[in-house]
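Labels below follow one simple rule: chain letters A, B, ... track the order of the sequence lines, proteins then strands, and each chain is numbered from 1.
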2 protein chains.
Amino acid sequence: MSLDHILLGLLREPASGYDLKRLFDERIAHFWAAELSQIYPTLKRLEGRRWIRSRSAASMRGPRKRLYHLTPEGRRELVSWLSGPPRYGDERFSYLAQLFFMGELGDLNRTLRFLRGLREHFTAKLAALRSLERMWGDADPRYPDRLPDEDLHVHLALRKGLLSLEAHVSWCDESIARVAARAPDHGRGRRSRVVRKSDNRRLHE
Amino acid sequence: MSLDHILLGLLREPASGYDLKRLFDERIAHFWAAELSQIYPTLKRLEGRRWIRSRSAASMRGPRKRLYHLTPEGRRELVSWLSGPPRYGDERFSYLAQLFFMGELGDLNRTLRFLRGLREHFTAKLAALRSLERMWGDADPRYPDRLPDEDLHVHLALRKGLLSLEAHVSWCDESIARVAARAPDHGRGRRSRVVRKSDNRRLHE
DNA sequence: GCGTCCATGTAAACGGTTACATGATTGC
DNA sequence: GCAATCATGTAACCGTTTACATGGACGC
């Protein structure tokens, strides 16, 4: 149950459910996501286990909030999770499943559009991550080589996101080139279309 | 619902639930996984929707099996899924969450062991994918440049797995080097030993 | 006064995992 | 005869998503 432990990790500094959601979106989005509707009940469960405790507190803006903070038991639980072996969940990529079967359509131009869509998506995520890195770098003159050990770990996790996304984009480029070389109109514009014999091979009806 | 559509895609050739499980493990494992206990009820549901139909058939080895095959409606559904936009599910990586908070432990040697564990895991998966690629290449003299368009798509999906895993391993190497440079014993065994840079550079197993 | 953000939740459904159960056939 | 593999399922649970619901505080 990673969400539990991520919340414990984040709660080294007291925070409300709403705060935690913001932390997820700002700092953690590249390897985990959580909705408020999941965060709130989870916090209650963690409090039931005595891993966190809460108190009411004023907000700077808006109504009062419920501030959660870690207990010693919670800290012990966090450490035990961190000390354990790496947890791999099996990765599922719907878009690869689509690509895998896309030969069915018998339309390379469609594949090309699909791949360009992927590339756009990945470059956008990459840009977001890079700007996150830049913000961090600007705020801390020690970034990245002289960061304290603790922040080094955060940096490594971020690097994983960057390298992964760069690889995603490279793969898109490689794939687009490969498909474009075969596509009748080299994947450009909708004009200059040559009739191929493979036109018969389509599956739809 | 990707599993539904993956099953439709695989059922271009008639197959039983058990057959489909083997296909998942053999050809699809790098972007999707499914258990038999999920496959069987899903097949029933798909049959309820008239996207597939089944008949009983003899097996080469073992008891009789229930062979499923695609209906025209199922084929239409498959095509509509393939024609739609790429489906991104948000990716979650527990091991990155662990790394992110691992500064808590204040023990770089532990981080180092963790990263080496990751590297081992990824190289093993990479080796498996490479052997899958090799098997494919050996079986088809057209591989990879003169593959028919349909198989090209399968190849592209496989390439994504390869490039991704290579990036994962590179990231591990980079991270290990960075942490080892700070760790009290250079991250080598119990005796302190100097790290040569050539130690990191092997990616190929 | 109205919209936006702050803040906290509940309920139903969904997709997937784990554990359990059963039995046929084949090869040794 | 026994183990391994082939084959098909059910039940309980878990983590997550989607939709719904409510209301306070602040800025314009």
- Task: Identify which nucleotide among C/dC6, C/dA24, C/dG9 has an atom closest to any side-chain atom of A/Arg66, counting heavy atoms from C-beta outward.
- Result: C/dG9

- Taking NZ, NE, NH1 and NH2 as the nitrogens, is one of them in A/Arg75 or B/Glu104 under 4.0 Å from a carboxylate oxygen of the other? yes

- Message: Strictly below 4.0 Å: does B/Ser37 bring a side-chain N or O up to OP1 or OP2 of C/dG16?
- Response: no

- Audit row: B/Ser56, B/Arg64, side-chain hydrogen bond (donor to acceptor under 3.5 Å, both in side chains) steps and yes/no: CA-CA 7 Å; B/Ser56 177; B/Arg64 291 181 71 76; 3.1 Å; yes

- More 5' along DNA chain D: B/Gln38 or A/Gly62, using each one's nearest nucleotide? B/Gln38

- Task: Compare side-chain N and O positions of B/Arg45 against OP1 and OP2 of C/dG15 and report whether any pair is under 4.0 Å apart.
- Result: no

- Rounded to whole angstrom units, what separation is found between the CD atom of B/Glu91 and the P atom of D/dT16? 15 Å

- With a 4.0 Å cut-off on heavy atoms, is A/Leu3 in touch with a base, just the backbone sugar-phosphate, or nothing at all? sugar-phosphate

- Query: Taking the side chain of B/Met1 as heavy atoms from C-beta outward, which of C/dA7, C/dG15, D/dT5 is closest to it?
  - Reply: C/dG15

- Taking atom P of C/dC6 as reference, at what distance in whole Å does atom NZ of A/Lys21 sit? 13 Å

- Salt-bridged, A/Asp25 to A/Lys21, with N to O below 4.0 Å? yes

- Interatomic distance where CG belongs to A/Asp4 and P belongs to D/dT16 [whole Å]: 8 Å

- Query: Would you say A/Ser16 reaches C/dT8's phosphate, i.e. side-chain N/O to OP1/OP2 under 4.0 Å?
  - Reply: yes

- Between P of C/dT18 and CG of B/Leu36, the distance in whole Å: 14 Å

- Item | Worked check of side-chain hydrogen bond (donor to acceptor under 3.5 Å, both in side chains) between A/Ser170 and A/Asp173 | CA-CA 5 Å; A/Ser170 297; A/Asp173 288 337; 5.7 Å; no

- Position toward the 5' end of DNA chain D (nearest nucleotide), A/Met60 or B/Ala58: B/Ala58

- End-to-end axis angle, where each axis spans five pairs of the helix from C/dG1-D/dC28 to C/dC28-D/dG1, to 10°: 20°

- Item | CZ/A/Arg27: more than 12 non-hydrogen atoms of other groups inside 6.0 Å | no

- Note on the structure: Closest non-hydrogen atoms of B/Pro14 and B/His69, given as atom of the first, atom of the second and distance, are CG-CB, 4.1 Å

- To the nearest angstrom, the CG-C1' distance between A/Leu43 and C/dA7 comes to 13 Å

- Which listed nucleotide (D/dT16, C/dC6, C/dT25) is nearest to the side chain of B/Pro63? C/dT25

- Looking only at side-chain N and O atoms, does B/Arg64 come under 4.0 Å of OP1 or OP2 in C/dG23? no

- Message: What's the closest nucleotide to the side chain of A/Glu35 if the choices are D/dT17, C/dG9, C/dC6?
- Response: D/dT17

- Item | Pair B/Glu91 + A/Lys125: basic N to acidic O under 4.0 Å | no

- Query: What nucleic acid atoms does B/Asp90 come within less than 4.0 Å of, heavy atoms only: base, sugar-phosphate, or nothing?
  - Reply: sugar-phosphate

- Check whether any side-chain nitrogen or oxygen of B/Lys65 sits under 4.0 Å from OP1 or OP2 of D/dC6, and answer yes or no. no

- Query: Just how far, in rounded Å, is P of C/dA7 from CG of A/Leu23?
  - Reply: 12 Å

- If you check every side-chain atom of B/Arg92, which of D/dG9, C/dG16, D/dT17 has the closest atom? D/dT17

- Task: Let me know the distance between CZ of A/Arg61 and C1' of D/dG24, rounded to the nearest Å.
- Result: 12 Å

- Query: Can you say whether the rings of A/Trp171 and A/Tyr95 are parallel (under 30°), tilted (30 to 60°) or perpendicular (over 60°)?
  - Reply: tilted

- Query: Whole Å only: how far is the CD1 atom of B/Ile39 from the C1' atom of C/dG15?
  - Reply: 14 Å

